[in-house]
Amino acid sequence: MLTPTILIQLVLAGVLQGGTYALAAFGLSLVFCIADVLNITHGEFLMLGGLVTYLLFALTGLNPFLILIIVIPVFVLIGAGYQKVFIKPILNRPPRQLLFSSIVVTVGIATAIEDTTSFIWGPTVKGVSYSMPAFNVGGVVVSSLRLSILVLIIALTIFLHFYLKKSFAGKAIRAILQNREGAMVVGINVPRIVTLVFGIAIGLAGTAGLFYVLLFTIGPFIGLPLTIRYIAIVMLGGSGSLIGSLVGGLILGVAETFAGFFLGAHWSLAVAFCTLVLVLLLKPQGLFKHV
Amino acid sequence: MSKKIFNPWEGILIIFLVFLAVMPRFIDPYWVVFLLLLFMYIGIGASFNITAGYLGYVNLGHYVFFGISAYGFSILYVKGVPFILCLATGVLVTLIFATLISYPFLRLKGAYFALANFGLIKLFELVAGSLRDFTGGTQGISLKPGYRAFETYYIFLGVTLLTVLVCYWIPRSKFGLALFSVREDEEVAAAFGIDVTKYKMSAYVLSALFPALLGGVYAWYSAFIDPEVVFGTDKALLPVTMVMMGGTGTFLGPIIGAIFMMLIEELLWTSGWLPIWIKSLHLTMLGLILAAVGIFSPGGLVTLSPFEKFFTWVGLGRFLGASHKSLKLDGT
Amino acid sequence: MKKVWFVFFLAMAVFFGTIQASTAQEKKEIVVGMTLCLTGKFAADVGPFDRMIKAWENYVNKKQGGLYVKAYNKKLPVRTIVYDDKSDQATAVKFYERLVTVDKCDILIGPKSTPITFPVTSVPEKYHVPMVLATANTPAVFNRGFKWFVGVQQLSTHWEDYYFDLLDEEKQVKTIGYVAEDTPHTREVYEGAIPNAEKRGYKTAFKEIAPAATTDFTSILLKLKAADPDIIYVSSFTPFGVTFKKQAKEFGLKPREWHFTHFDISFSSALGKDANYVTGAHHWLPGLPYGNLKKFQEILKETNIDTEQYLDVGIHYVALEIAEVAIEKADSLKPEDLLKSAWAVNFESILGPMYIDQTLGHGSFKQFAAQYIDGKYYLIFPKKFATHKHVYPNPAP
């Protein structure tokens with residue numbers, strides 16, 4: 001039953017699927033690593049990214065890939081604002097209290113966002129009717145929409161990679177990840193960098209939301225289940241690691257498609273989660289160390 | 001200090017408990033249902049507190065014990081097995097599961113532990129949904145229907161009292177002392193010769209007992225469960241949020257948190273004089289209150305100084321219990 | 001200090017306030033109570049129904065002067081109470097208890113979704129207060145021998161009756177491929193549809209169930225493509241349906257017709273041109289000639305509810321109609337009389353003739369077949385009020 005065509009098809013689907021996951025996961029991963037904050041609100045920002053895209057598309061009919069240019073900076077700013085108002089007050093607490101507080105605050109904000117969104121724009125799901133023709137390569141169907149999204153994700157990832165490696169802010173982020181006190185001694189303005197990291201993270205979430213609404217539908221209540229999935233990837237891949245999020249996302253994506261094919265669709269998600277639990281048990285810190 | 005003298009306020013507490021026991025005869029059955037749910041949340045919350053507050057391991061997946069027991073109970077009950085056996089099996093299966101999973105999971109730290117457990121809930125939801133022949137799949141299990149609010153009220157009251165008593169006893173026992181030392185600094189505790197693994201596992205399994213009891217009985221009460229009802233992620237976060245709002249690591253925290261949240265929901269929905277838009281946004285307000293508590297009162301509502309002052313004033317200071325801020329040497 | 005006392009007094013106020021409400025003796029009004037999924041998972045299907053309930057109440061009280069009660073030989077005003085059950089089982093049960101014991105409702109309207117309906121139906125059974133189930137159509141709910149509720153819809157296994165009747169008449173379809181979302185309702189419809197179709201002679205080319213949260217349908221689409229049925233039948237809610245259709249397009253699936261058991265404006269706006277000529281089931285759409293249309297349309301206009309978006313409007317409204325008819329035809333407001341009257345209803349609702357199956361208690365409404373054509377939803381079967389002819393095969397490129 002498993003012809004090479006089907007095999008390639010499954011791998012391709014898994015990779016495309018995984019790539020979308022990875023993008024959203026990386027922001028979560030960075031935030032967790034740099035501030036020890038479990039940002040359960042992450043999924044809500046993805047939802048909002050999708051919502052903004054939907055609204056702009058419905059209003060202007062602009063090509064979503066152009067809407068991207070608006071979405072990214074807007075969400076970076078939202079992220080920074082969010083951090084300053086809600087997260088900053090709890091950052092300087094001892095680790096266990098920080099864990100509790102971050103859960104309480106982020107769950108609270110997430111609930112508030114979901115409810116308000118449902119109230120203002122209604123609880124119905126929304127989608128964007130933008131499509132690109134798929135093409136056929138020797139029997140293997142390639143979705144050009146998904147491929148474009150994957151290309152963009154890879155581009156973003158490469159950009160982030162170099163940003164973290166070469167730019168001053170990027171190096172500052174890595175310094176803080178490795179040794180917080182040391183970074184402070186060297187004169188890095190830690191609070192400002194943390195705000196920047198949140199901005200980047202939420203910016204990534206919003207972008208992921210744009211891609212998400214192109215492929216699927218969004219509704220006010222999709223945030224929480226998605227956050228759980230991304231947390232799973234973060235833990236799988238190792239927090240703070242760009243490669244880790246990518247690999248984690250890919251593993252989950254491919255596991256889903258293959259399980260769906262061999263075991264039947266209703267096992268695909270269960271297998272994915274099992275994979276996560278297994279990896280965690282073998283490597284409690286995740287597969288990769290932080291950047 | 002004044003432990004030998006009979007504190008009149010404690011007498012009131014006993015009268016209050018007796019009142020709870022006879023109340024169902026005199027009040028609207030609605031309040032019986034309301035209280036039954038309140039007891040359930042307190043029970044789940046207080047047992048969550050054992051690992052989160054006392055041991056310092058935040059088990060976000062605590063609710064999974066509730067669900068496993070509910071399913072264990074239901075699967076047997078539809079086959080005609082008597083109630084007690086079903087409950088016992090449900091609880092036993094949950095405890096065995098807790099024991100097996102505790103060793104590998106307790107090797108994880110902090111947020112990883114929290115999230116791995118949370119992932120378990122999702123995993124069980126998916127598995128329960130897939131194993132149609134065993135668990136009825138997404139259609140769920142439908143038990144023999146019946147109106148069981150009164151019996152459930154008493155059972156929940158009993159189980160919750162038990163949970164609360166255990167949570168009261170732990171900080172005052174050697175067991176509790178060991179848990180606190182693990183919480184404060186695990187390596188140092190081990191260096192002092194405390195069998196850290198044994199205490200962690202015991203706390204974990206002990207905390208599983210109470211939601212297991214509640215879960216099995218809940219299945220019987222509602223006569224219908226499916227993966228979403230007992231393993232749903234928003235439901236799973238609810239008792240956790242209640243405890244965190246009330247104050248983790250304290251005896252009163254889970255109780256206060258549960259009462260507070262249920263009352264707010266009740267008030268927002270049933271007071272006729274509130275405008276409709278407030279009612280529509282009740283979750284938003286709850287979320288904002290939650291965030292406010294997290295930002296301004298990290299120890300939970302219980303640590304709000306007016307609250308502490310009130311309880312000390314009425315002489316119930318010793319119920320404030322050990323908070324995660326400090327452990328006073330005189331056991332208060 | 002202040003905070004604690006505040007909460008304490010509030011608690012006492014709630015407690016005493018509700019106790020006082022329950023000691024009211026004389027019947028001055030008819031109370032109709034229910035919970036709605038205003039937040040949570042099912043909010044998307046329920047939406048603004050609380051407005052509709054209130055509008056109905058206003059209409060009945062202002063334009064009809066209330067509802068006629070035989071025992072008093074006069075009309076009494078109606079008061080409706082709505083609680084938000086947050087799509088949660090325990091919350092719903094709690095509120096239905098409240099509706100019965102504290103708010104002293106005369107008639108209840110049932111909640112949405114199977115997991116909530118199951119435990120909730122024990123409440124009317126225990127307290128002997130009649131309930132009208134608006135959305136429940138799971139056979140299992142009606143098979144338990146409960147007496148104190150009636151339903152609006154036929155059982156879910158009949159969801160596709162009219163659609164298959166249409167196919168029978170046109171004699172153009174030979175094979176059908178089935179995909180279902182693994183949620184109780186959609187699964188039941190799928191499980192009822194397959195034997196229904198096979199009995200009529202349609203071959204099942206493919207069938208599979210996928211979890212509701214599936215985001216990649218590669219394996220199913222590959223198999224469906226190979227099977228190439230005339231109709232691809234998808235039993236799903238909007239999120240699943242949209243994702244599936246989008247991916248199906250990429251895979252180049254071109255059946256002669258697409259059928260989605262639930263479709264609404266969210267569905268068609270998310271798919272744009274790709275939703276054209278999709279068929280499905282609908283409840284109330286303009287074009288139906290039944291019942292007190294003037295009243296219904298006035299309420300719709302006042303509350304600004306779009307029937308193309310909210311499938312359940314029709315059945316929710318009919319539940320109210322059943323309650324109305326039951327009250328006015330009953331000998332008195334006593335529970336037994338109301339219940340007898342509810343079981344005996346036989347009138348023309350806005351969805352057509354409505355009567356209750358005397359064995360199981362479910363209603364008589366079967367979903368109409370509809371089709372989305374060039375931006376609007378049309379009824380295509382039964383023919384007598386179809387607003388558009390069925391377009392088959394799918395002419396879209």
Side-chain angles (χ1 to χ4, degrees), chain B residues 27-34 36-37 40-41 126 129-130 132 137-140 142-149 218 221-226 228-229 232 234-235 238 256 259-260 262-272 276 279-283 301 304-307 309-311 313, chain C residues 1-5 7 10-11 13-15 17-19 22 38-41 50-51 54 81 83-84 86-91 93-103 114-123 125-127 138 140-141 144-146 182-184 187-188 209 211-213:
Chain B
I27 58 169
D28 280 323
Y30 169 65
W31 293 107
V32 173
V33 173
F34 179 88
L36 165 175
L37 280 181
M40 187 176 93
Y41 287 129
L126 292 169
S130 304
R132 305 220 83 217
T138 51
Q139 316 283 81
S142 173
L143 304 166
K144 191 158 70 85
Y147 186 81
R148 301 167 180 140
Y218 179 80
Y221 163 69
S222 79
F224 180 87
I225 58 166
D226 71 10
E228 206 275 328
V229 167
D234 1 0
K235 294 200 181 51
L238 189 60
I256 300 297
I259 294 179
F260 184 72
M262 281 196 78
L263 268 181
I264 294 271
E265 182 197 295
E266 191 68 19
L267 288 174
L268 284 178
W269 266 103
T270 59
S271 329
I276 193 78
K279 290 189 186 181
S280 310
L281 284 172
H282 67 279
L283 279 181
L301 289 174
L304 286 176
S305 63
F307 197 87
K309 287 202 199 108
F310 176 69
F311 264 82
W313 177 69
Chain C
M1 189 72 124
K2 269 194 290 209
K3 191 166 192 152
V4 176
W5 284 118
V7 174
L10 232 38
V14 168
F15 191 69
T18 52
I19 282 191
S22 67
L38 295 173
T39 53
K41 289 201 324 282
D50 51 345
R51 292 206 307 264
K54 273 287 173 281
I81 305 181
Y83 293 128
D84 175 14
K86 304 201 287 223
S87 310
D88 173 51
Q89 190 191 53
T91 315
V93 172
K94 180 181 80 160
F95 279 130
Y96 273 99
E97 279 270 8
R98 193 193 163 94
L99 286 170
V100 167
T101 57
V102 176
D103 299 316
T114 312
I116 299 184
T117 306
F118 257 96
V120 161
T121 41
S122 300
V123 174
E125 203 69 15
K126 152 105 195 206
Y127 289 104
T138 313
V141 169
R144 292 175 299 164
F146 281 18
D182 197 1
T183 311
R187 204 186 168 117
E188 270 152 37
I209 302 179

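Note that these values count all heavy atoms, side chains included, but never hydrogens, waters or copies made by symmetry. This is a predicted model, so every value here is computed, not measured. Letters go in sequence order (proteins before strands), and every chain restarts at 1.
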Separation between CG of B:Leu238 and OG1 of C:Thr91, rounded to the nearest 0.5 Å:
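One gets 8.0 Å once the value is rounded to the nearest 0.5 Å.
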Which distance, rounded to the nearest 0.5 Å, do you find between the NZ of B:Lys235 and the NZ of C:Lys86?
10.0 Å
Which atom of B:Ser222 lies closest to which atom of C:Pro119, heavy atoms considered:
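Minimum heavy-atom contact is O-CB, 3.1 Å.
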Checking the side chain of B:Glu228 only, and the main-chain atoms of C:Pro115 only, is there a donor and an acceptor separated by less than 3.5 Å?
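The answer is no, because no donor-acceptor pair under 3.5 Å joins these two groups.
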Most contacts with chain C, counted as non-hydrogen pairs under 4.5 angstrom, among B:Ser142, B:Gly137, B:Gly140
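The residue among B:Ser142, B:Gly137, B:Gly140 with the greatest pair count is B:Ser142.
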Would you mind checking which part of C:Tyr96 comes under 4.5 Å of any heavy atom in chain B, side chain (CB onward), backbone (N, CA, C, O), both or neither?
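For C:Tyr96, no heavy atom lies under 4.5 Å from chain B.
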For C:Lys94, is it the side chain, the backbone, both or neither that has a heavy atom under 4.5 Å from a heavy atom of chain B?
both
What part of B:Lys144 gets closer than 4.5 Å to chain C, counting heavy atoms only: side chain, backbone, both or neither?
neither
Out of B:Tyr30, B:Tyr147, B:Trp31, which residue meets the side-chain hydrogen bond (donor to acceptor under 3.5 Å, both in side chains) rule with C:Glu97?
B:Tyr147
Applying side-chain contact (heavy atoms from CB on, under 4.5 Å) to C:Glu188 and B:Gln139, what does each step give before you reach the verdict?
CA-CA 9 Å; C:Glu188 270 152 37; B:Gln139 316 283 81; 4.0 Å; yes
For B:Phe224 and C:Phe118, take the angle between the two ring planes, folded into 0 to 90°, and tell me which bin it lands in: parallel under 30, tilted 30 to 60, perpendicular over 60.
parallel
